[in-house]
**Student:** 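Before I ask anything, let me first share the structure, which is written out below as structure tokens.
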Amino acid sequence: MQNSMFVFIPVQACKGAYAKYAQKLLTDLMANYTSALRPVEDTNNILNVTLQVTLSQIIDMDERNQILTAYLWIRQVWFDAHLRWNKDEYDGLDTIRIPGSYVWRPDIVLYNSADNHFTGPMDTNVVIRHDGQMMWDSPAITKSSCKVDVSFFPFDGQQCRFTYGSWTYNGNQLDILNAMESADLADLVENVEWEVLGMPAKKNIVQYGCCADPYPDVTYTLKLKRRASFYVFNLLIPCVMISFLAPLGFYLPADSGEKVSLGVTVLLALTVFQLLVAEIMPPSENVPLIGKYYIATMTMITASTALTIFIMNIHHCGPDAKPVPKWAKKVILQYMARMCFVYEVGENCMSAESERQEPALETAGSVITEEREEMDQILSPLGSVKRKDDRISSNTYPNDGPLLHNIEYIANCYRDQRATQKRTGEWKKVAKVLDRFFMWMFFIMVFFMSLLIMGKAV
């Protein structure tokens with residue numbers, strides 16, 4: 001216990017001596033010192049201030065208002081000609097730390113600040129060395145204006161600038177130097193949305209129109225790249241999946257009554273996603289990449305819905321419709337039908353291949369011949385009755401003429417019905433072929449559009 005007391009007393013004595021000399025040094029330094037004037041021996045001398053910025057965290061990037069909120073550590077180093085001492089006279093006291101309000105500090109501010117309250121760095125202590133070197137380290141949460149270019153959103157990159165300079169002193173009174181070629185990123189806290197690629201520093205000398213003297217500044221350019229995973233999974237992939245539903249509207253049967261409803265539903269779903277993107281994007285002339293994709297997809301769905309209405313009108317052609325033109329029979333019912341794999345009931349690709357060499361007119365002629373044979377079978381008993389009646393007597397069946405007339409009328413109606421059914425069937429097949437053709441065409445369009453925008457993510 002006695003040994004510990006002998007150790008403790010000298011330590012307390014050293015601390016007391018240190019505090020005594022520190023108090024004396026502070027009193028001597030502040031005796032004839034003023035913090036209102038620039039601390040130089042000659043007013044014609046230029047005071048050099050070395051600036052170093054450490055990026056600690058990106059707090060928020062407001063794309064709509066184009067404001068970047070960041071947490072920075074700012075170090076300013078300069079020499080004060082009036083705050084020097086001989087450390088041997090103060091028991092080897094090399095440095096002291098005093099409140100920053102006691103000494104002169106450079107009025108270096110963030111030129112492109114977007115803070116409503118214009119708050120600067122925190123009022124921390126200043127470290128003073130015996131040779132007059134002043135070092136002021138202060139943290140600051142800054143809000144700076146940043147020009148946001150969303151042309152390639154969500155695969156975009158941004159460059160935000162931090163421009164620091166003196167507000168009142170020109171280049172002949174105060175000069176700003178870079179401590180390093182870039183900001184310090186060693187203690188950076190990773191942001192979930194933005195990846196920091198670098199923050200180089202550059203010194204500029206600007207001559208404003210109001211003043212003839214030059215004004216130096218240091219500009220730090222923060223290079224950011226967006227992490228697009230969140231937007232890909234929440235905005236892009238759902239849109240791609242919805243887009244692939246649009247061509248399926250052509251595959252729905254025309255009699256289902258849901259072809260147009262599907263197209264309108266898909267269009268409304270994409271409109272909701274478009275509004276979500278518009279809420280987070282700034283009102284700019286540059287349309288984001290995902291916005292262009294939405295607009296292209298919505299245009300395609302609108303076109304598919306309009307084509308669906310046109311094809312349904314063809315499908316529901318009534319008995320009064322005109323026959324299918326010859327060019328449509330040749331182009332649509334022959335070539336496009338084979339290309340889109342559209343066949344009649346009971347017909348397959350092999351039968352279509354075997355009949356590919358037969359002209360369309362021979363097929364139509366065979367159908368007409370079959371119809372005539374059927375009608376002859378219907379009328380042949382009536383013809384034999386008529387011939388027998390002619391051989392027996394013309395007065396035996398005096399009402400034979402009206403009966404034959406009625407039967408011929410029924411036969412004509414049957415022929416007209418068959419012709420109408422054939423004509424209606426041909427128009428329905430035309431509609432079915434057009435449905436398949438536009439389905440494959442829109443599938444290809446959606447695939448290439450999705451491939452194009454997904455290629456930007458690689």
Side-chain angles (χ1 to χ4, degrees), residues 51 53-74 108-121 140-167 176 178 181-185 188-210 215-232 235-236 274-295 453 456-457:
L51 182 67
V53 173
T54 300
L55 178 62
S56 178
Q57 183 181 5
I58 297 174
I59 300 176
D60 181 47
M61 167 66 89
D62 188 355
E63 291 96 342
R64 188 167 186 84
N65 297 316
Q66 303 189 72
I67 295 177
L68 173 66
T69 305
Y71 179 41
L72 305 176
W73 299 344
I74 302 174
I108 295 178
V109 297
L110 181 63
Y111 281 175
N112 57 330
S113 175
D115 195 348
N116 296 330
H117 305 288
F118 292 97
T119 56
I141 297 178
T142 62
K143 291 185 177 181
S144 59
S145 58
C146 178
K147 186 178 180 181
V148 178
D149 185 10
V150 294
S151 300
F152 296 97
F153 175 85
F155 310 109
D156 57 329
Q158 305 297 334
Q159 291 188 0
C160 298
R161 292 176 173 81
F162 298 83
T163 302
Y164 287 94
S166 175
W167 192 253
I176 304 177
N178 297 333
E181 295 182 355
S182 64
D184 187 7
L185 304 177
L188 176 64
V189 178
E190 293 292 334
N191 189 271
V192 295
E193 184 178 359
W194 296 96
E195 178 185 358
V196 178
L197 302 179
M199 194 174 177
K202 181 182 179 182
K203 180 181 177 181
N204 303 303
I205 298 178
V206 183
Q207 192 166 3
Y208 298 98
C210 64
Y215 282 83
D217 63 64
V218 175
T219 301
Y220 292 87
T221 304
L222 179 60
K223 298 180 179 181
L224 302 173
K225 182 181 179 182
R226 191 188 302 271
R227 304 179 192 269
S229 301
F230 174 81
Y231 299 98
V232 168
L235 292 179
L236 191 57
Q274 175 69 17
L275 292 177
L276 291 176
V277 174
E279 287 181 357
I280 61 177
M281 290 294 99
S284 173
E285 293 182 356
N286 297 328
V287 181
L289 181 64
I290 191 171
K292 295 178 182 179
Y293 178 73
Y294 283 163
I295 293 298
I453 192 170
K456 297 291 184 179

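Just so it is clear, the values below take in all heavy atoms, side chains as well, and ignore hydrogens, waters and symmetry mates. Residue numbers count from 1 along this sequence.
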**Student:** Side-chain donor-acceptor pairs under 3.5 Å in residues 193-201, sequence neighbours left out?
**Tutor:**
{"from": "Glu193", "atom 1": "OE2", "to": "Arg226", "atom 2": "NH1", "distance (Å)": "2.9"}
{"from": "Glu193", "atom 1": "OE2", "to": "Tyr231", "atom 2": "OH", "distance (Å)": "2.8"}

**Student:** Got more than 12 heavy atoms from elsewhere within 6.0 Å of CZ, Arg227?
**Tutor:** yes
**Student:** Is any side-chain heavy atom of Phe155 closer than 4.5 Å to a side-chain heavy atom of Leu289?
**Tutor:**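 Touching, per the 4.5 Å side-chain cut-off.
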**Student:** Is the shortest heavy-atom distance from the side chain of Ile58 to the side chain of Leu224 under 4.5 Å?
**Tutor:** yes
**Student:** Mind listing the closest non-hydrogen atom pair of Leu235 and Tyr294 along with its distance?
**Tutor:**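 It is O-OH, 2.6 Å.
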**Student:** Looking only at heavy atoms, which two atoms of Ile176 and Gly165 are closest? And how far apart?
**Tutor:**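 Heavy atoms only, the tightest pair is CD1-CA, 3.5 Å.
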**Student:** Where is the tightest heavy-atom contact between Val148 and Glu63, given as atom of each residue plus distance?
**Tutor:** CG1-CG, 4.0 Å
**Student:** Is there a side-chain contact between Leu55 and Leu72 in this structure, where contact means two heavy atoms from C-beta onward sitting under 4.5 Å apart?
**Tutor:**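 In contact.
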**Student:** Compare every heavy atom of Cys146 with every heavy atom of Gln159, then report the nearest pair and how far apart it is.
**Tutor:** O-SG, 3.9 Å
**Student:** Mind checking whether Thr69 and Asp62 have side chains closer than 4.5 Å, heavy atoms only?
**Tutor:** no
**Student:** Mind checking the CG-OG1 spacing from Asn112 to Thr163? Nearest 0.5 Å is all I need.
**Tutor:** 5.0 Å
**Student:** Working to the nearest 0.5 angstrom, can you tell me the gap between Ile67 CD1 and Asn116 CG?
**Tutor:** 7.5 Å
**Student:** Atom CH2 in Trp73, atom CD in Gln57: separation rounded to 0.5 Å?
**Tutor:**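 If we round to the nearest 0.5 Å, Trp73:CH2 and Gln57:CD are 10.5 Å apart.
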**Student:** What is the minimum heavy-atom distance between Met61 and Cys160, and which atoms define it?
**Tutor:** CE-SG, 3.4 Å
**Student:** For Asp149 and Ser151, which I'm curious about, is there any donor-acceptor pair between the side chains at under 3.5 Å?
**Tutor:**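 Yes, side-chain donor-acceptor contact under 3.5 Å.
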**Student:** Hey, could you give me the CZ/NZ distance between Phe152 and Lys292, rounded to the nearest 0.5 Å?
**Tutor:**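 The distance works out to 7.0 Å.
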**Student:** Taking side-chain contact (heavy atoms from CB on, under 4.5 Å) as the criterion, tell me which of Tyr164, Phe162, Trp167 meets it with Tyr111.
**Tutor:**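 Going through Tyr164, Phe162, Trp167 one by one, the side-chain contact (heavy atoms from CB on, under 4.5 Å) with Tyr111 is satisfied by Trp167 alone.
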**Student:** Quick check against the 3.5 Å criterion: does Arg64 have a side-chain atom that pairs as donor or acceptor with the backbone of Ala278?
**Tutor:** yes
**Student:** What distance do Leu236 atom CG and Ser229 atom OG have between them, rounded to the nearest 0.5 Å?
**Tutor:**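 Taking CG in Leu236 and OG in Ser229, the distance rounds to 11.5 Å.
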**Student:** Heavy atoms only: give me the nearest Thr221-Arg161 pair and the separation to one decimal.
**Tutor:** OG1-CG, 3.9 Å
**Student:** Can you find a heavy atom in the side chain of Leu68 that is under 4.5 Å from one in the side chain of Leu222?
**Tutor:** yes
**Student:** Test your reading of the model: is there a side-chain donor-acceptor pair from Tyr220 to the backbone of Lys202, 3.5 Å cut-off?
**Tutor:**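 Checked: no pair found.
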